[in-house]
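Quick notes on the structure that follows.
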Amino acid sequence: MKNVAVIGAGTMGNGIAHTFAQSGFKVQLIDVNETALKNGMESISHNLERMVSKETITEKDKAETLSNISTFTNLIEGVEYASLVVEAATERVDLKLNIFQQLAEACPEDTILATNTSSISITQIAAVTTRPEMVIGMHFMNPVPIMKLVEVIRGYNTSDAVTRTILELSETLGKVPVVVQDYPGFVANRILMPMINESIETLYHGVAGVAEIDTVMKLGMAHPMGPLQLADFIGLDICLSILEVMYEGFKNPKYAPCPLLVNMVRAGKLGVKSGEGFYDYSVSKKAETIAAQFTP
C-alpha cells in the first residue's frame, strides 16, 4: 500500500496528507476547491518548516514530503490508483454519503475506504457503497502530525482483514490505534463533547467566567487546554454538529447542545477559524484575550 488518496484539504485533510507523505506514501490530496488545495499545501509547507526549525526533520525530509503529494480537484482522477482513501470532508452526513457513493464506483475493488468522521455512523456510510466490508473509520486527532491517537471504528460489516490492515498502517505512521465500536461519538467525542457542552452550560448560567472555567480544568484536572479554549480550537460549528449527531443517535437530553453554543454558531462566532469564539483571536491565535461578549 503506497498510494493514499485524501479527500478534503482543510485542517484535518492536509494534516492527514502531511502525515502519510512524511512516512513515504504517495498522496493524492483531493478537494473540489482550488483555493482550499492551495491553502492546504501552504499549511503543510508551513508546518514542515516549523519542524525543520525545531530540528525534528531536515530540509531534505521537507522536500521529499512535499514531493510525495500531488493535488486534484477531480475525485475520480485522484482515486484512480489509490489502495486507501481517507475521506476528511466537512462533517455533514449528506456530503459524506455522496462521496462514498462516488468512491464505490470510482475506486479499484480492493481499495479500502476510510472516513475521518468524528461522530457519524460508519455503518450508515458503508451502506451506500457496494463494499461495506471495506469501509472503516480512521479518526485522527488534531493536529494530525503530532497527535498519536487514531480511533479505528469498525462498522457493522467491516471485515477483520480490513481492520488488521488499518491497525498495522496506523502503527507504520507512528500512531497508536485503538479499536472502538460504531456508536454515536465513538469514544473520544462521546466523552469529550459532553464535557465541553457542560463547560458552556456553566458559562451560560453564570457560574464562572471563561478564564475561570478553563483555569479550573487546566490546573485542577491537569488538562493541557481548557475546554472552552479547546472548543474554539476544534471549531464551535464542529462541536455543535457532533453534539447534534449524538443527541439524534441516543435521544438522550444530556447530549442536547447548550443554547449559548447554538447562538454563537448562528452568529458566526466559530472560534479560531472565524477570529472569535470564547476568546478573541484578532491579534493572536493564542487564547489570551477573552471575547468582548464574555468580558465583565
Side-chain angles (χ1 to χ4, degrees), residues 1 4-13 15-17 20 28-32 75-76 78-79 82-142 144 149-167 169-170 177-190 193 234-235 237-251 255:
M1 184 179 291
V4 177
V6 178
I7 299 175
T11 301
M12 294 305 296
I16 294 167
F20 274 103
Q28 296 81 51
L29 181 58
I30 306 165
D31 200 298
V32 294
L75 183 143
I76 294 174
V79 303
S83 300
L84 168 69
V85 177
V86 183
E87 172 274 318
T90 304
E91 194 75 345
R92 280 182 19 223
V93 175
D94 59 335
L95 177 62
K96 291 184 186 294
L97 296 185
N98 179 263
I99 288 172
F100 273 79
Q101 283 178 322
Q102 294 181 62
L103 291 176
E105 296 176 4
C107 293
E109 290 185 2
D110 58 351
T111 302
I112 295 174
L113 308 180
T115 173
N116 183 59
T117 182
S118 58
S119 59
I120 297 169
S121 168
I122 307 304
T123 302
Q124 181 182 8
I125 292 172
V128 301
T129 75
T130 53
R131 56 179 94 175
E133 72 284 355
M134 302 291 286
V135 179
I136 195 166
M138 201 176 185
H139 180 208
F140 291 86
M141 304 293 131
N142 187 29
V144 181
L149 176 67
V150 177
E151 270 190 312
V152 177
I153 308 103
R154 295 189 61 149
Y156 192 85
N157 291 301
T158 305
S159 73
D160 291 341
V162 165
T163 303
R164 283 194 301 271
T165 298
I166 294 302
L167 289 173
L169 179 63
S170 299
V178 176
V179 177
V180 305
Q181 299 306 311
D182 187 21
Y183 293 97
F186 314 133
V187 171
N189 282 322
R190 184 169 178 170
M193 286 302 154
I234 294 168
D237 53 336
I238 301 299
C239 293
L240 177 60
S241 175
I242 295 168
L243 284 164
E244 288 175 336
V245 167
M246 292 198 296
Y247 183 53
E248 176 65 25
F250 291 115
K251 301 294 192 297
Y255 299 114

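Scanning all heavy atoms of the two residues, the minimum distance from Leu113 to Cys107 falls at CD2-SG, 4.0 Å. Between Val150 and Ser170 the shortest heavy-atom distance is CG1-OG, 4.0 Å. Closest heavy-atom contact between Glu133 and Val162: O-CG2, 3.6 Å. The heavy-atom pair separating Thr117 from Ile120 by the smallest distance is OG1-N, 3.0 Å. Closest non-hydrogen pair, Ser118 versus His139, comes out as CB-NE2, 3.4 Å. In terms of heavy atoms, Gly13 sits closest to Val6 at O-CG1, 3.5 Å.
Atom-to-atom distance recorded for Tyr183:OH and Met246:CE is 16.0 Å, nearest 0.5 angstrom. The CZ atom of Phe100 lies 7.5 Å from the CD1 atom of Ile122; values are rounded to the nearest 0.5 Å. Taking CZ from Arg190 and OG from Ser119, the interatomic distance works out to 13.0 Å, rounded to the nearest 0.5 Å. Taking CG of Asp182 as the start and CD1 of Ile136 as the end, the distance is 10.5 Å to the nearest 0.5 Å. Atoms OG1 and CG, from Thr90 and Leu95 in turn, are 6.0 Å apart once rounded to the nearest 0.5 Å.
Residue-environment remark: CD (Gln101) exceeds the threshold of 12 foreign heavy atoms within 6.0 Å.
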Steps toward side chain to side chain contact (heavy atoms under 4.5 Å, CB included) verdict (Ile112, Met1)
CA-CA 10 Å; Ile112 295 174; Met1 184 179 291; 4.1 Å; yes

How far apart are the C-alpha atoms of Met193 and Ile234, what are their side-chain angles, what is the distance that settles it, and do they pass the side chain to side chain contact (heavy atoms under 4.5 Å, CB included) test?
CA-CA 11 Å; Met193 286 302 154; Ile234 294 168; 3.9 Å; yes

Assess the residue pair Ile7 and Leu103 against the criterion (side chain to side chain contact (heavy atoms under 4.5 Å, CB included)); give the C-alpha distance rounded to whole Å, side-chain angles, the decisive distance to 0.1 Å, and a yes or no.
CA-CA 10 Å; Ile7 299 175; Leu103 291 176; 3.7 Å; yes

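A donor-acceptor pair is defined here as one N or O able to donate and one able to accept, closer than 3.5 Å; such a pair exists between the side chain of Asp31 and the backbone of Ala9. Checking side-chain atoms of Thr115 against main-chain N and O of Gly137 turns up no donor-acceptor pair under 3.5 Å. For Thr111 (side chain) and Ala82 (main-chain N/O), a donor-acceptor pair under 3.5 Å exists by modelled atom type. Ser241 contributes no side-chain N or O that, together with a main-chain N or O of Asp237, makes up a donor-acceptor pair within less than 3.5 Å. Judged by distance alone, with hydrogens and angles left aside, the side-chain atoms of Asn116 form a donor-acceptor pair with the main-chain N or O of Phe140 at under 3.5 Å. Between the side chain of Glu151 and the main chain of Val187, a donor-acceptor pair closer than 3.5 Å is present. Thr123 places a side-chain N or O within 3.5 Å of a backbone atom of Tyr156 that can act as its donor or acceptor partner.
Contact check for Arg154 versus Asp160: side-chain heavy atoms found under the 4.5 Å cut-off. Glu248 is listed as a side-chain neighbour of Lys251, based on a closest heavy-atom distance under 4.5 Å. In this structure, Met134 and Thr129 have side chains that are not in contact, with every pair of non-hydrogen atoms separated by 4.5 Å or more. The shortest side-chain heavy-atom distance between Met12 and Asn142 falls under the 4.5 Å cut-off. Within the 4.5 Å cutoff, side-chain heavy atoms of Leu169 are placed close to those of Met138. Considering only heavy atoms from C-beta on, Glu91 stays 4.5 Å or farther from Val245 through its side chain. Leu97 has its side chain within reach of Gln124: a pair of non-hydrogen atoms, C-beta onward, lies under 4.5 Å apart.
A salt bridge between Arg131 and Asp110 is absent, with no side-chain N of the basic residue lying under 4.0 Å from a carboxylate O of the acidic one.
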